[in-house]
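Reckoned from all heavy atoms, side chains included, excluding hydrogens, waters and symmetry mates.
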2 protein chains.
Amino acid sequence: MCESLPGIKIAPWRSPLARALHRNRSQPYSRYFQLATVQADGRPANRTVVFRGFLGDTNLLKMITDTRSQKLDHILHHPWAEICWYFTITREQFRIAGELTLIDGNHLDSELQKARQLTWQDLSDNARVQFAWPHPGKPRGDQQAFSPPLPDPNHALPCFCLLLLDPVKVDHLELRGEPQNRWCYLRENPHTWSTTAINP
Amino acid sequence: MCESLPGIKIAPWRSPLARALHRNRSQPYSRYFQLATVQADGRPANRTVVFRGFLGDTNLLKMITDTRSQKLDHILHHPWAEICWYFTITREQFRIAGELTLIDGNHLDSELQKARQLTWQDLSDNARVQFAWPHPGKPRGDQQAFSPPLPDPNHALPCFCLLLLDPVKVDHLELRGEPQNRWCYLRENPHTWSTTAINP
């Protein structure tokens, strides 16, 4: 049942995930998933997040967030997360568990800081301007506060964060199988994953 | 900003949720949401679950699960959960936080036991037979093990659980607003909810 894949840099779950992204590409929401984290009080939190691709040639998933969002406190307190990604056309689910890293404007790693700036540049004006909106989650501000000048595409606002998820476990379920197909991928060490077919 | 609604039995977020369910009814997956829980080791778990309606005239959301699923351990250890429910046609999200109650075959409340049996009866043969499949998450069984006799629609299998979520907080985000609209509903006491418009 168990298959080791030593030395492979691209994890074995990347291939079925790439196929799902391709087959569901007609729906823009196929790039949205739900990110679960744990709050300081130990209760779970769950919200929809946009997938921003992988970091270079790594298996790290890119997302973005605002330093002012509640998510940030959760992550600083407890960096563990599980993504649940359901593809509606092919009827399959990926659950991706791993550790989160926040790259804010003060992060000292110059490569990651560069990745943060590039992610900012790649955003649409619409996505960028949301970081200039009033404080998320606070009582609703005036309509005018939601029409700030467009931020500079070449300089990320201080509240803009790149968020990376480093997966250690992936559970892939295909509802269309006969009966259904399900696989569990476990990271044994940084470059080795095991793959096991399991019961749905 | 804050509005109290004393004496109302149906919570104020039920109306926008009913509207979302109606406007997205052409897509069967509009009745799927992601349920986040916390594992015994303190890490989050997240999976897609089918909405089975509300329990009678309460605000409790019905789901089903299998006593053999990992979810069960998580819930027994930590009954708190957050649902993330994204509607693709109307582009809106409901985050519903609350406490879970498991109704298995040994649950002593006769009304809830009746609700469990009725939920079992309402399932399709396809949904019911999955509770007679081999142990979920274990190494893949023989193909034959996935073709058991169809279970009796009038007698729920012992591993069948009704799962109820009792909401205490609902966060509703409309991406289509100008700029976007977001509301926070908080349960102040069993029959009173506050409603606050907040920044997206």
Side-chain angles (χ1 to χ4, degrees), chain A residues 1-2 27-30 32-39 41-48 68 74 78 80-86 88 91 93 95-97 99 126 129-130 133-141 143 145-147 171 173 175 178-184 196-200, chain B residues 1-2 27-30 32-39 41-48 68 74 78 80-86 88 91 93 95-97 99 126 129-130 133-141 143 145-147 171 173 175 178-184 196-200:
Chain A
M1 275 306 180
C2 218
Q27 303 298 345
Y29 58 76
S30 297
Y32 301 174
F33 50 63
Q34 280 69 38
L35 179 77
T37 53
V38 178
Q39 305 179 56
D41 64 5
R43 294 179 179 176
N46 204 3
R47 76 290 279 164
T48 305
R68 302 169 299 168
H74 306 165
H78 194 289
W80 217 259
E82 187 161 292
I83 284 169
C84 183
W85 201 345
Y86 182 73
T88 59
R91 302 191 64 225
Q93 170 185 270
R95 295 169 62 180
I96 308 176
E99 204 164 349
N126 248 346
V129 78
Q130 296 182 22
W133 283 358
H135 197 298
K138 298 277 180 201
R140 180 79 176 199
Q143 184 69 13
F146 290 93
S147 306
D171 183 314
L173 172 68
L175 292 179
E178 279 295 334
Q180 292 174 353
N181 293 308
R182 189 175 170 198
W183 295 270
C184 181
T196 311
I198 59 174
N199 292 324
Chain B
M1 275 305 182
C2 219
Q27 305 299 344
Y29 58 75
S30 297
Y32 302 175
F33 49 65
Q34 280 69 37
L35 179 77
T37 53
V38 178
Q39 306 179 57
D41 65 4
R43 293 179 180 176
N46 205 4
R47 76 290 280 165
T48 305
R68 301 169 300 169
H74 306 166
H78 195 289
W80 217 257
E82 187 160 293
I83 285 169
C84 184
W85 202 344
Y86 183 73
T88 59
R91 303 192 63 227
Q93 170 185 271
R95 295 171 62 181
I96 308 176
E99 203 165 349
N126 250 346
V129 78
Q130 297 183 20
W133 282 358
H135 197 299
K138 299 276 181 201
R140 181 79 177 199
Q143 183 70 14
F146 290 94
S147 306
D171 183 314
L173 173 67
L175 293 179
E178 280 294 337
Q180 292 173 353
N181 293 308
R182 188 175 170 198
W183 295 270
C184 180
T196 311
I198 58 175
N199 291 325

Item to check | Stepwise side-chain contact (heavy atoms from CB on, under 4.5 Å) test for A:Arg95 and B:Arg47 | outcome: CA-CA 7 Å; A:Arg95 295 169 62 180; B:Arg47 76 290 280 165; 3.8 Å; yes

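Using a 4.5 Å cut-off between heavy atoms, A:Leu35 touches chain B through its backbone atoms (N, CA, C, O) alone. Using a 4.5 Å cut-off between heavy atoms, B:Thr37 contacts chain A through its backbone alone, with no side-chain atom that close. Of the two parts of A:Phe33, neither the backbone nor the side chain holds a non-hydrogen atom closer than 4.5 Å to a non-hydrogen atom of chain B. No part of A:Gln27 comes within reach of chain B, as not one of its non-hydrogen atoms sits under 4.5 angstrom from that chain. Within the 4.5 angstrom heavy-atom criterion, no atom of A:Ala97 approaches chain B. Heavy atoms of A:Gln93 lying under 4.5 Å from chain B belong exclusively to its side chain.
Options A:Asn181, A:Ile83, A:Val129 differ in how many heavy-atom pairs under 4.5 Å they form with chain B, and the most are formed by A:Asn181. For the set B:Pro136, B:Pro179, B:Ala36, B:Pro134, the entry with the most heavy-atom pairs within less than 4.5 Å of chain A is B:Pro179.
Residues satisfying the side chain to side chain contact (heavy atoms under 4.5 Å, CB included) test with B:Asn126, not counting sequence neighbours, are B:Ser124. Residues satisfying the side chain to side chain contact (heavy atoms under 4.5 Å, CB included) criterion with B:Thr88, sequence neighbours excluded, are A:Tyr29, B:Tyr29, B:Tyr86.
Taking both residues in full, the closest heavy atoms of A:Val38 and B:Gly42 are given as CG2-O, 3.5 Å, listed atom of the first, atom of the second, then distance. Contact record, A:Phe146 with B:Pro200: CE2-CD, 3.6 Å, taken as the closest heavy-atom pair. In terms of heavy-atom proximity, B:Gln180 sits nearest to A:Gln130 at NE2-NE2, 3.5 Å. Considering every non-hydrogen atom in both B:His78 and A:Pro44, the closest pair reads CE1-CD, 4.5 Å. Residue B:Gln34 comes nearest to A:Cys84 through the heavy atom pair CG-SG, 3.6 Å, listed as atom of the first residue, atom of the second, then distance.
Judged by distance alone, the side chain of A:Asn46 and the main-chain N or O of B:Asn46 form no donor-acceptor pair under 3.5 Å. In this structure, A:Asn199 contributes its side chain and B:Trp133 its backbone to no donor-acceptor pair below 3.5 Å.
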